[in-house]
Structure formats: C-alpha cells, structure tokens
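Proteins get letters first, then strands, A, B, ... in listed order; numbering begins at 1 in each.
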Amino acid sequence: MKSTIEKLISTALAALPPDLLSAEARAARPEVERTRDASHGDYASNVAMRHAKAAKQNPRALAEAIISALPADPSVARVELAGPGFINFHLTAAAYHAELGAIIDQGASYGIQPPASGEKILLEFVSSNPTGPLHVGHGRHAAYGAALANLLIAAGHSVHREFYINDSGRQVDILAVCVWLRYLERLGEDAPFPSNGYKGEYLLAIAASLEAEFSHKLRQSAAAVRDGLPLDEPEGGDKEQYTDAIIARARALLGEEGFRKVVDHSLSGMTADIRSDLAEMGVTFDRWFSERSLTTSGAIDESLKRLEQSGHTYRKDGALWFRATEFGDDEDRVVERENGMRTYFASDIAYHLDKRLRGFDRLIDVLGADHHGYVARVRGGLAAMGEPPDSLEVPLLQLVNLYRGGEKIAMGKREGNFVTLRQLRHEVGNDACRFYFVMRSHDQQLDFDLELAKSRTAENPVFYIQYAHARVASVLRQLAERGLEYDAARGRANLDRLTEAHERKLMVALTRYPEVLALAAATRAPHTLVNFLRELANELHGAYAAGNENAAHRVIVDDEATRDARLSLFQATRQIIRNGLAILGVSAPDTM
RNA sequence: GCGCCCGUAGCUCAGUUGGAUAGAGCACCGACCUUCUAAGUCGGUGGUCGCAGGUUCGAAUCCUGUCGGGCGCGCCA
C-alpha cells in the first residue's frame, strides 16, 4: 500500500515543470509514512516541505502543485493539504479489502520481498568460546541473530549464518588440560587442578567420554604431573605461570600427538554441546568456521602479507605491528608476537578478509557490547587490505539480567554460578526464550523475568500474542461445533461489511505488516516486530471482546455474509501473527 | 583520562532514522462483566523527553557542552 503512494508521488513529481523542482529532488524516493492521527488520513508525505527550500517555494504552494499533478488511483479516496505542507492521503475501503485479500492469497509469503533482490550478507553471531556451555547472554545473541537473519531474508537479502569457533590458542590448551585432569581424577589420580582452569561440571561429561574413547591410554600418574611444577596462586605462586607450566607438563607427558587428541576430543565435545543447545532452541548455522583452519589454509599468512606489502605494518620490540591508528583506532596493534605466534587479532582480520573474498557485500558481526573496542581495529584491518570498511557492520548487544519475580539472580562467570542457556530453556520454554531475548532494543539492557515468562496471563506478551492466534483457531472450532462452515469466497465478496471501529483498526494494523518488516530489517531491530505483534494481538482481542459487549459484533453471527467477512479478517490476522512469530522463531499454537 | 551505549509517565519500555497534540504494558482510580465460556473488558489520572545551549519551517530524535548510570580500553580470546 505504501509503495502505491510512493509511486503516485514520484509520478506527480516527474510531471512538475522543470523549473519548479531539481532533477535530484524528482529522483529521490519520497518519504511516506503512516499517520498517527486518523484525521490526517492513512498516509502522509512531507515531500513538499523537504524540497521547498531548494525549489525556493512556499511549502504549501509546492504541495498544492504536487497534489494537482497526482494521477488518480482507485485506492486513494482523497488527498488533502494540511498543516505546514503535509500531503495527506485518505485511502478507500476497497484498498484495504484488496490488501486483506492479498494476505489471504499470499499466506506465508505475504510481506516478503523476492529472494536475492538485496545484498549478499554474511551474518556472524554467537561465536562463543568452545571452553564452556552457552549461558543466558549467548541466548540473546542466538535469538537476535536468528531473528535478524529471518528479517534480512524477508527483506530480500541473501543471508549466510556463520559461527566462528575459537579453536586455537592458549584457552583451548587450558580446556584440554582441565578435561585431562578430570579424566585422571576419574582414574583415581589426585590431579592438581589449576585455580584459573574451567571448573564447571560440564567438563566431567567430556572427561567421561574421553575415558570411554581412550580408556587408560592417556593415563599418567599424579606424581608425574605434579613433579617440579611452580606454585599455583592459592599457594602463593602465579596462576598464569602455573597454568602454562601444567600445559607444558601435559604436552611433555602425552606427547604432541597425545595432547592433540585430548584437545580435539575436548573441542568436539564442547562444540557438539553448543550446537545441540542452539539447535534445540531452533537456531542453526550454515557454517561453523574454524579459527584453526585459517592457520592451516595460509589465510593468516596471506592477510599479513597484504598488510605488509601495502606498508601498513612495522617491526618494534621484535613484534610485527599493524598501524591501526592510521585507520581510526586508538593505538597500533600487534599481529605477530616476538615469539612468532600470531595474535587473535591476526586471525580475526584474516577471517574478515576471507569473508570478503567469499563474495559477501556486507559483513554483520553480532557482538557483546563489551567488545565494542575491537570494531575499529577490524574495520581498520579491512580498510588496510583494500576492502571497504563500511562493509562491516556490528550490532552490539547489551547485557541480560535474570529476575525471578522481581528479584535479581546473581550471576558471575568467575564463581561458576552462571545460569546456562539450557537451564533457562528448560525452565521457561523455547518460545518464551526466543521472544524475551528480542523483546527489547538490542542496545538496551534486558531484564528477563522468569516468572513473567512462564505465566499464562495477558501480562506475559508472548502468551498474549500466541493466545490471539489460538483465539482465531478457537472461533473456527466454535463454528464447526455449531455445524457452520467458513465460506472464504463469500467472505472475500463481503469485506465491505467490516465497518465496525474495531474491525477497521484491525484491518489497518494488518496492512502495516510489510512496512514493519522492512523497517525492522533495515534497522536490524527485531523488537520492532515484537511491538507490532503486540499491537496486532491487542486489536484482535479488542475486536473479539466487542462481541462480548454487543452480540451483534460477534464473529459468529447469523448473517452469513457478515460472518464470513469477519472470519476472513480473523483468518488474515492469524496469518500475519503466524508469519511474524515465525520470523522471531516462536511457535503459533492453535490451542494454549 | 579516552571511547561506546543508555537517560522518555511511579515502574518496565516503544517512539516509523527530523514531522502534526509524545505512546503501550504494569501500578493507581472508576465503571462494566455468568460470556462466540481461556478473570477479563471499557474509560480515566499521570510527562519541562536528565540539564543548558545550538542547527531549521519543525527536535525526544541531529550538533556542542554538562550531569548521572552501564560497559570497554592486553604481544588474552
């Protein structure tokens, strides 16, 4: 509907005398928006005010000229000049009826743009370290990323979802050592667990599977492990030194090959857990990209070479530095340490170059707000390698706070008492999880109340929206119980019976859906869709409740034409709610 | 100290990338409700959009400053 108005205005602008409006003003896409106040019609445009200055015209006079140049259209009842120069469009009832018909005809594809009409986007999200299970914060990333992917696809973009696995570096060695020590414990060895190791219980399961696969083959005596190690922090030593020492000891005792086995087993155990957790939540990826593969494929060498050849690096203190300050970063960054090891940043720029080389127009990295400092340097890396820095876009997600009935649940990674995503999902269900995680703007901290999420009342928005969907199904069941049938064709032919205030409001709300989708995708803001669905559910409940006030306003009335018209409206509403919930990854049940 | 985000009704938050008289839910107040049978429905009170300047036809929205809150500033990942 909106595009119809846009086209009308564009046609009118093109028809204006050349001295009135510049070519650019003519070619610009006119701004059209829904009115807030019904007395202003259905849509309003500010084109006249926007171009008045450049055209050296009084805005109202320019609006006047545009209005008289507007071609006639069956969906427009009348056009008015209002206020400082707004052009207000009042649509015909037939325009809404046609849109209602489109919703019913197009069903699940209503509001969706043709595939691949937009950009080729690589969306990276979650990418948690494979050293522990997902916690609630990751849940927000998963839900946001998955919903954003759906929104972008609906907007016509081609989307590739990717999870970057940080499977190299010291933290992976620490993980492996911790698993191995738990394995030794299982075999009765009193292994000295490092104070800054991963203490969570999840390692016990991986240690058990390590034993299942290798039996006693990786066993070493506790004495051999302990012999000559420096003191750990609790004993007055340095925990980092101690950790490095015990990693070195494990390597020495197991041999590179043996240690590698433990690393690989631990990593695959952890990633399998993460993957299944996400899959249970309905979040899947097109590719799980291994950081380690960047080393073996030579991608890191390649990107460092690109940086060096273009003169964006230098040597200092034996390390290789990237001149990040030339690209807006606060300080230069080390990419290769004195000892020849590459930094995390080195693999990161290699990864982003790889994304570009795979042909993606736009790279979206969904990151936690605490990673914001890293955006400038990766963008700088892209620029230095000759890639457009604007191709990288980074929505930063704020923290999640859990509440139980108003009381905050304390969580600390250090204490190991964080709530896992799996625990949360099992307690409140996948639907509530997916919904609550995208309910707020991503740059707003999120308060997640477990009791509210579980409640079956109108205060719980996910329940409220799903219930609106189920309510339509319930009306249809009622219809069948009374031996009546819904005649869709008769409904379509009698949409002009939908004259009640509630019906009209519901109809208007429905037709906003494509605009909401487009906006939510463009602003990377799934919560916009959440708010819309809430409003839509509210309108549906309102239309339904009108029947309780006045029996003549019920859906199931004796008059067949009116009944079927109302059923069409309800069916269309059900369709939109279902489509919207599908994008959020929330189910649309027929009964609650 | 520097950087990023936030500040809107008593509370939790929207606000269509600068539009017309700033909205919703909860809470509060009042009325209605044995139903197309899911304890709900309808109406009402409530705001100097943190503060001070600026930009322009027009600012909660953009710019500058300032106050308050959160996060980040490793040759960790």
Side-chain angles (χ1 to χ4, degrees), chain A residues 2 31-37 39-40 44-46 49-50 52-53 58-60 82-86 88 129 131 166 168-172 174 240 291 316-321 329-331 333-339 341-348 368-376 396-399 406 439-447 449 452 456-461 463-464 467 470-471 474-479 481-482 512 515-516 518-520 522-523 525 527-528 530-532 534-535 538 541-542 544-549 551 553-557 563 566 591-592:
Chain A
K2 184 177 171 184
E31 273 182 51
V32 173
E33 58 184 16
R34 293 269 175 174
T35 57
R36 203 169 287 175
D37 188 333
S39 69
H40 296 145
S45 178
N46 60 2
M49 292 182 290
R50 273 197 100 72
K53 198 167 202 179
N58 172 310
R60 284 184 63 98
F86 287 105
N88 290 342
N129 287 331
T131 50
N166 299 117
S168 68
R170 193 172 89 115
Q171 58 168 357
V172 172
I174 298 175
E240 301 301 340
E291 178 188 359
K316 191 182 95 182
D317 304 332
L320 184 67
W321 296 69
D329 199 2
D330 298 335
E331 47 191 306
R333 307 290 172 178
V334 170
V335 286
E336 193 178 275
R337 289 173 220 153
E338 204 177 343
N339 63 10
M341 296 282 288
R342 271 69 186 271
T343 61
Y344 171 79
F345 177 55
S347 43
D348 230 63
D370 53 345
H371 285 73
H372 81 262
Y374 128 121
V375 178
L396 296 170
L397 303 200
Q398 296 289 332
L399 292 176
M439 191 166 63
R440 302 292 182 216
S441 168
H442 65 79
D443 50 27
Q444 196 78 241
Q445 286 199 11
L446 177 71
D447 290 340
D449 191 319
L452 183 61
R456 300 171 61 79
T457 65
E459 278 89 69
N460 181 0
F463 176 86
Y464 189 72
Y467 177 41
R471 188 160 237 176
S474 163
V475 169
L476 291 171
R477 284 192 296 272
Q478 270 293 318
L479 190 75
E481 278 171 30
R482 297 178 190 202
R512 281 175 50 214
E515 297 157 30
V516 170
L519 178 71
T523 55
H527 77 280
T528 307
V530 171
N531 288 330
F532 167 78
R534 254 167 127 159
E535 285 164 30
N538 188 37
H541 290 308
Y544 181 89
N548 292 336
E549 300 280 317
H553 294 167
R554 290 180 186 175
V555 176
I556 305 176
V557 290
R563 185 174 71 220
R566 287 176 180 166
T591 58
M592 296 299 290

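- In B:U17 the O4'-C1'-N dihedral to the base is within 90° of 0, which defines a syn nucleotide.
- For the pair A:Arg512 and A:Phe532, the cation does not sit on the ring face, since its NZ or CZ is not both under 6.0 Å from the ring centre and inside 45° of the axis.
- Remark: A:His371 is not in phosphate contact with B:A77, judged by side-chain N or O atoms under 4.0 Å from OP1 or OP2.
- Here the side chain of A:Met592 is nearest to one of B:C36, B:A38, B:U17, namely B:A38.
- A:Arg566 places no side-chain N or O within donor-acceptor distance of the main-chain N or O of A:Val555, the cut-off being under 3.5 Å.
- With both pairing distances under 3.5 Å, B:G1 is matched to B:C73 as a Watson-Crick or G-U wobble pair.
- Closest contact between the side chain of A:Ser441 and the listed nucleotides B:C6, B:A14, B:C73 involves B:A14.
- Taking every side-chain heavy atom of A:Val475 into account, B:C36 is the closest of B:A20, B:C36, B:C73.
- Distance check on atom P: B:A38 versus B:U45 gives 30 Å, rounded to whole Å.
- At the phosphate of B:U37, OP1 or OP2 sits under 4.0 Å from a side-chain N or O atom of A:Tyr544.
- The distance from atom CG of A:Leu519 to atom C1' of B:U17 is 8 Å, rounded to the nearest whole Å.
- Taking a pair to require two hydrogen-bonding distances under 3.5 Å in either a Watson-Crick or a G-U wobble arrangement, B:G68 pairs with B:C6.
- Spacing of P atoms, B:C5 relative to B:A14, comes out at 16 Å, to the nearest Å.
- Listed nucleotides: B:U21, B:C6, B:C75. Nearest to the side chain of A:Asp37: B:U21.
- One atom, CG of A:Asp370, and another, P of B:G72, lie 6 Å apart when rounded to the nearest Å.
- For A:Arg36 and B:U16, a side-chain-to-base donor-acceptor distance below 3.5 Å is present, hydrogens and geometry of angles not being considered.
- Between B:U56 and B:C13, the two C1' atoms lie 30 Å apart (nearest whole Å).
- The aromatic rings of A:Tyr467 and A:Phe463 sit parallel, their planes meeting at an angle under 30°, below the 60° perpendicular limit.
- B:G47 is unpaired under the Watson-Crick or G-U wobble criterion, no partner having all donor-acceptor distances under 3.5 Å.
- Judged by ring centres under 5.5 Å apart and planes tilted less than 30 degrees, A:His372 fails to stack against the six-membered base ring of B:G72.
- B:C63 and B:G3: their P atoms are spaced 14 Å apart (whole Å).
- Nucleotides B:C67 and B:C51 have their P atoms positioned 16 Å apart, rounded to a whole Å.
- When the nearest nucleotides of RNA chain B are assigned to A:Ala551 and A:Thr523 by heavy-atom distance, the more 5′-ward of the two goes with A:Thr523.
- The base of B:A20 lies outside donor-acceptor range of the side chain of A:Asn46, with no N or O pair under 3.5 Å.
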Determine, stepwise, if the pair A:Ser441 / A:Asp443 fulfils side chain to side chain donor-acceptor pair (under 3.5 Å).
CA-CA 6 Å; A:Ser441 168; A:Asp443 50 27; 2.8 Å; yes
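- Between A:Lys53 and B:C57 there is a side-chain polar atom (N or O) within less than 4.0 angstrom of OP1 or OP2.
- The interatomic distance linking A:Asp329 (CG) with B:C75 (P) rounds to 12 Å, in whole Å.
- Base-pair partner of B:U16: not found among the strands shown (Watson-Crick or G-U wobble, both distances under 3.5 Å).
- Comparing the P positions of B:G54 and B:U61 gives an interatomic distance of 14 Å, to the nearest angstrom.
- Contact annotation: A:Asn548 reaches the phosphate of B:C36 (side-chain N/O to OP1 or OP2, under 4.0 Å).
- Nucleotides B:U34 and B:C26 are separated by 28 Å at their C1' atoms, to the nearest Å.
- Between A:Gln445 and the phosphate of B:C13, there is no side-chain N or O to OP1/OP2 separation shorter than 4.0 Å.
- Listed pair A:Arg471 / B:C36 fails the phosphate criterion, with no side-chain N or O lying under 4.0 Å from OP1 or OP2.
- Distances from the side chain of A:Arg554 to the nucleotides B:C71, B:C36, B:G15 place B:C36 closest.
- Remark: B:C62 base-pairs with B:G54. Criterion, Watson-Crick or G-U wobble with two distances under 3.5 Å.
- Heavy-atom contacts from other residues, nucleotides or ligands closer than 6.0 Å to CE of A:Met341 number 12 or fewer.
- Listed nucleotides: B:A20, B:G15, B:C75. Nearest to the side chain of A:Thr35: B:A20.
- In this structure, the NE2 atom of A:His541 is 12 Å from the C1' atom of B:U41, given to the nearest Å.
- For A:Tyr467, counting side-chain heavy atoms from C-beta on, the closest listed nucleotide (B:A38, B:A20, B:G15) is B:A38.
- When the P atom is used for both B:C49 and B:A9, the distance is 10 Å, rounded to whole Å.
- Within the structure, a side-chain polar atom (N or O) of A:Gln478 is placed less than 4.0 Å from OP1 or OP2 of B:U37.
- One interatomic measurement links the two molecules: CG of A:Asp443 to P of B:C6, which rounds to 5 Å at whole-angstrom precision.
- Residue A:Phe532 contributes atom CZ, which lies 16 Å from atom P of B:U16 at whole-angstrom precision.
- Using the Watson-Crick or G-U wobble rule with both distances under 3.5 Å, B:U34 pairs with nothing in any strand shown.
- Nearest to the side chain of A:Val555, among B:C6, B:C36, B:A38, sits B:C36.
- The residue among A:Arg534 and A:Asn129 whose nearest nucleotide of RNA chain B lies closer to the 5′ end is A:Arg534.
- In this structure, A:Leu320 CG and A:Arg337 CZ are separated by 13.0 Å, a value rounded to the nearest 0.5 Å.
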